[in-house]
Every structure is written in C-alpha cells, then in structure tokens.
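In what follows, a single structure is set out as structure tokens and then discussed.
No hydrogens, no waters, no symmetry mates; every other heavy atom, side chains included, goes into these values.
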Amino acid sequence: MNLYNIKHPEQQVNFAQAVRQGLGKDQGLFFPEKLPHFDDIDSLLAMPLVERSQKILSALIGEELPVETLNAMVKNAFTFPAPVAKVEEDIYALELFHGPTLAFKDFGGRFMAQALAVVRGDGKITILTATSGDTGAAVAHAFYGLENIEVVILYPKGKISPLQEKLFCTLGGNIRTVAINGDFDACQALVKQAFDDEELRQAIGLNSANSINISRLLAQVCYYFEAVAQLPKEKRQQVVVSVPSGNFGNLTAGLIAKTLGLPIKRFIAATNANDTVPRYLNSGKWDPHATVATLSNAMDVSRPNNWPRVEELFKRNGWDLTELGSGALTDEETEKTLQAQYAKGYLCEPHGAIAYQLLKDQLQADETGIFLCTAHPAKFKESVERILNLELPLPEALDKHNKLPLLSDEMENDFETLRAYLLK
Ligand SMILES: *Cc1c(COP(=O)(O)O)cnc(C)c1O
C-alpha cells in the first residue's frame with residue numbers, strides 16, 4: 001500500500017511506515033495513493049463480518065502484509081458484532097457500541113493495536129494521543145499489557161463524563177493518563193507540538209493513535225459494508241448514512257467505503273454546536289469558533305483534523321462538496337430527540353440522537369436511512385437518565401472500572417511540562 005502526505009505529496013510511505021509515524025511532515029495526513037474498486041458488491045455483502053472485512057482490508061493494504069497475518073489481525077480485532085436495529089419505517093440504527101469499551105472507537109483502536117504490533121520493528125514506542133473521551137478508552141484497552149509499548153493519553157480535565165474517565169484512567173501498567181487544564185483542542189495542540197519536536201519524537205518513538213492514524217480509518221470502512229449487508233435487499237439502492245461527527249474520521253471511513261463501490265447515495269455530517277463543517281458547507285468559509293462543551297462531548301471539536309482527507313476524497317472522486325448533507329443540533333434539540341426516540345421504543349444517547357434527527361429531517365421519500373450509534377447509552381448515564389427520567393443499569397464493562405480509583409496525573413496546558421513528563 002502506498003500513501004502520500006496530503007500537504008507534501010512528494011512524501012510517500014507504505015502502510016507500515018504510515019502506521020508507525022501516524023502523521024507526515026508538517027503534520028500532513030497520509031492518504032492512500034490508490035483505492036481499489038469492488039465490482040461484485042453483492043457477494044461481498046453476503047459474507048460474514050470478519051471474512052468480509054479481511055477481504056476489504058486485504059484489498060486496501062495489498063501485498064505488503066501476508067494474507068494470514070492480516071486475517072489474524074482482523075480476527076483478533078473484530079471480536080464483537082455491529083448489529084443494525086430498525087427504529088422506524090426506513091430508518092435504521094447501526095450499533096457500533098458492542099465492543100469492550102462500548103464505543104465505535106473499539107473497531108479502529110483494536111485494529112491499530114494489532115497493526116502496530118505487526119509493523120513495529122525494534123525500539124521503544126510511545127503512543128501519545130488526545131481524547132475527548134472515547135478514543136482514550138478504546139486505545140487504552142486495545143494496548144493495555146502489550147510489551148514495550150508505552151501509552152500516554154491526554155484529556156481535558158473535567159470535560160469528559162466521570163464514567164468515561166473511570167473506564168480508561170484506572171488501568172495503570174503501561175497506560176498513563178493525564179488530565180490537562182484546557183479543552184480538547186488544547187490537548188490535540190499539545191500532541192501536534194510533540195510530533196513537531198523531532199528530538200522528542202526520536203527519543204521516545206512517538207506514535208499517535210488518534211483518528212489520524214490510517215489503520216484506524218481503514219478498519220472503520222468495514223462496518224459501513226456491514227450496515228448495508230443487514231438491510232433488506234430491496235432497501236439497498238437509495239441509502240443515506242448520517243454520521244455523528246467530531247474529528248471526521250468516521251465520515252472519512254464512510255466515504256472510503258463509497259469509493260470502494262458500496263452503494264451509499266449520500267452522507268450527512270451531523271454535529272453539535274461545534275458546527276465548523278456545517279457552516280463551512282453553507283457559506284464556503286472555514287471559520288472555527290471556540291470549542292463549546294455540549295451533551296455530545298465526544299464531538300466537541302471545532303477544528304476537525306480529518307477534514308483534509310474528506311476534501312481530498314471529494315476532489316479525487318470528482319464529487320462536489322454540495323452533495324454532502326450536514327446540520328447541527330443544539331443540546332436542547334438533542335434532548336427532545338432522545339425523548340422522541342425513547343417514546344418510539346429506541347434508547348439512544350446524545351451522539352446517535354443528533355445523527356438520527358438530522359437524518360430524519362433530510363431523508364427523502366424514496367430513501368432508506370442509517371444513522372450511526374457511536375456509543376452505548378450507559379456511557380452517558382448521567383445525561384441519559386436525567387433527560388429520559390429513568391435508571392440505566394451499568395453494563396459489566398463499565399461497572400468493573402467504576403469501582404476502581406483514578407490513576408491520572410494532572411497538568412497545566414504547557415508543552416515544556418509535557419515534554420519533561422514524556423522523557424521521564
Ligand atoms: C469519537 C466519537 C465521535 C466522533 O467521531 P469522529 O470520527 O471523530 O468524527 C462521535 N461519537 C462518539 C460517541 C465518539 O466517541
């Protein structure tokens with residue numbers, strides 16, 4: 001597999017290098033030079049999830065990895081299902097929260113851990129990543145206990161749910177977690193600064209595991225096929241997919257799936273009040289506001305770092321950005337939506353609710369809609385219980401960690417402090 005740096009196309013790497021480096025020169029994102037096209041989508045859709053995903057990832061990654069190696073990676077990573085639930089006539093939920101940390105990031109995080117273990121080479125590796133909640137949990141769990149891999153996770157202090165925090169800040173071992181006095185964008189900026197520091201990068205074998213790592217995106221392509229595969233055959237032709245978006249990795253993966261030939265008519269980029277992209281699509285002006293805290297905190301991102309990949313895909317495919325649907329919901333609208341969904345018999349959480357409502361608003365008569373449910377409702381227990389006036393039992397995975405003490409360090413939003421910490 002050949003990839004190029006979107007900012008500096010002359011910088012080219014293979015899959016192993018892209019996985020190890022994460023980011024290219026000048027923080028440029030790596031992007032596949034060629035994307036395959038599947039002509040016989042029906043037979044692909046007829047396969048079970050793991051087998052189909054092995055086919056898809058093997059076509060994407062190519063001969064660089066032996067087939068048996070890749071097949072084992074997929075099998076070890078995808079150990080849980082991605083069921084589709086019918087919510088109402090022509091509207092389906094793709095539930096991506098049945099993995100160990102109850103969010104869709106388990107797919108990408110677990111595949112990346114497998115990939116890195118295969119391509120790592122010798123020497124020390126430090127995974128440094130910023131999280132607005134779910135990435136941290138998925139990465140921490142996917143890498144926990146792997147030999148010679150140190151993980152450092154930055155998150156905005158007080159801005160993620162207490163349960164989320166418990167899920168990844170109680171592991172210890174090779175997982176260090178740091179509560180930063182700042183918002184998610186500040187955490188992300190610190191990570192970028194660390195990657196720009198060549199000396200630091202070499203000294204600790206720096207690697208990022210956030211959604212800029214190509215291995216995560218490639219893994220996520222697979223569940224879009226799974227979604228369409230579970231629709232009744234007669235509903236597969238006019239599919240619209242609504243994606244609750246923060247850093248826009250999930251949407252990028254969906255667009256790659258479409259490029260491979262999966263019949264998806266169009267996508268809807270759904271955001272909360274951090275609506276840089278919907279405003280950009282309406283006005284043509286890229287104008288990020290300060291990040292605001294919302295109910296759907298995993299989407300509290302005003303400078304989505306995967307956006308250049310979305311634009312690259314549109315450009316390369318000759319698609320027009322006007323074909324990309326979008327919209328944003330306020331917290332108040334999100335609450336109303338959750339209540340309306342619950343009244344219909346579907347228990348959702350704020351991220352999925354936003355995708356659902358925008359899908360419902362924009363779906364046309366002859367279309368079939370799928371919205372992505374990116375987290376288990378119990379991950380947002382406090383808000384879901386308050387909004388729906390009910391009690392949610394904690395799933396076992398959460399309950400276990402909830403009883404353990406937090407092991408996080410605290411830090412000011414200061415690069416020199418972080419640098420010293422990483423070198424320690
Ligand atoms: C990370 C996350 C998102 C946003 O996904 P992106 O790929 O960053 O756009 C949405 N919902 C939940 C629950 C998440 O954890």
Side-chain angles (χ1 to χ4, degrees), residues 19-23 27 100-101 103 105-106 108-110 112-117 119-121 123-160 164-213 215-216 247 249 298 301 305 401 404-424:
V19 171
R20 281 197 299 259
Q21 289 177 33
L23 272 173
Q27 305 168 0
T101 70
K105 294 195 172 77
D106 281 329
R110 289 170 66 83
M112 176 175 173
Q114 294 291 322
L116 199 59
V119 305
R120 58 168 298 166
K124 183 178 163 135
I125 294 185
T126 304
I127 306 277
L128 175 66
T129 193
T131 184
S132 51
D134 291 334
T135 300
V139 167
H141 283 259
F143 285 93
Y144 181 59
L146 287 188
E147 268 173 41
N148 295 323
I149 301 186
E150 185 82 21
V151 177
V152 177
I153 300 172
L154 312 184
Y155 64 100
K157 186 178 162 211
K159 295 199 169 75
I160 66 175
Q164 273 183 326
E165 191 176 18
K166 283 280 186 174
L167 189 51
F168 72 96
C169 302
T170 54
L171 288 168
N174 62 331
I175 314 294
R176 285 195 282 169
T177 51
V178 186
I180 298 286
N181 224 334
D183 59 17
F184 173 68
D185 288 318
C187 298
Q188 198 153 264
L190 285 172
V191 169
K192 284 196 167 172
Q193 237 178 315
F195 273 89
D196 272 351
D197 187 330
E198 194 56 40
E199 197 189 312
L200 177 69
R201 207 164 148 164
Q202 296 297 338
I204 61 173
L206 210 51
N207 187 299
S208 158
N210 69 17
S211 56
I212 52 188
N213 196 290
S215 61
R216 293 190 27 166
N247 261 322
V301 182
N305 61 14
H401 291 282
L404 299 171
L406 285 178
L407 301 172
S408 296
D409 296 311
E410 277 187 32
M411 197 180 287
E412 288 308 310
N413 175 14
D414 173 56
F415 180 65
E416 286 309 318
T417 313
L418 174 66
R419 193 174 195 278
Y421 179 86
L422 290 171
L423 286 167
K424 204 165 56 187

message: With no hydrogens and no angle check, just 3.5 Å: does a side-chain donor-acceptor pair link N181 and E410?
response: no
message: Run the side chain to side chain contact (heavy atoms under 4.5 Å, CB included) test on M112 and N207 for me, step by step, so that the C-alpha distance in whole Å, both residues' side-chain angles and the decisive distance to 0.1 Å come before the verdict.
response: CA-CA 11 Å; M112 176 175 173; N207 187 299; 3.4 Å; yes
- prompt: Got a second to check how far K192's NZ is from I212's CD1, nearest 0.5 Å?
  reply: 7.0 Å
message: Which heavy atom of F143 sits nearest to which heavy atom of I175, and what is that distance?
response: C-CD1, 4.4 Å
- request: Check for a donor-acceptor pair, side chain of R201 on one end and backbone N or O of F195 on the other, with a separation under 3.5 Å.
  value: yes
query: Do the charged groups of K124 and E150 touch, with an N to O distance under 4.0 Å?
result: no
Ring pair (Phe, Tyr, Trp, His ring centres under 6.0 Å) against F168, all qualifying residues, sequence neighbours excluded: Y155
field: L423 CG to T126 OG1 distance, which is reported to the nearest 0.5 Å
entry: 9.0 Å
message: Looking at K105 and V139, would you say the former's side chain and the latter's main chain have a donor-acceptor pair under 3.5 Å?
response: no
- prompt: Taking H141 for the side chain and D106 for the main chain, is one N or O donor matched with an acceptor at less than 3.5 Å?
  reply: no
Distance (rounded to the nearest 0.5 Å) between I160 CD1 and L167 CG: 9.5 Å
task: Quick one: closest heavy-atom pair of A142 and G109, and the distance?
output: CB-O, 3.4 Å
- prompt: If we only count heavy atoms from C-beta on, is the D185 to V301 side-chain gap below 4.5 Å?
  reply: yes
- prompt: Tell me, do N413 and D183 make a side-chain contact under 4.5 Å, heavy atoms counted?
  reply: no
- prompt: Any side-chain heavy atom of N213 sitting closer than 4.5 Å to one from L116?
  reply: no
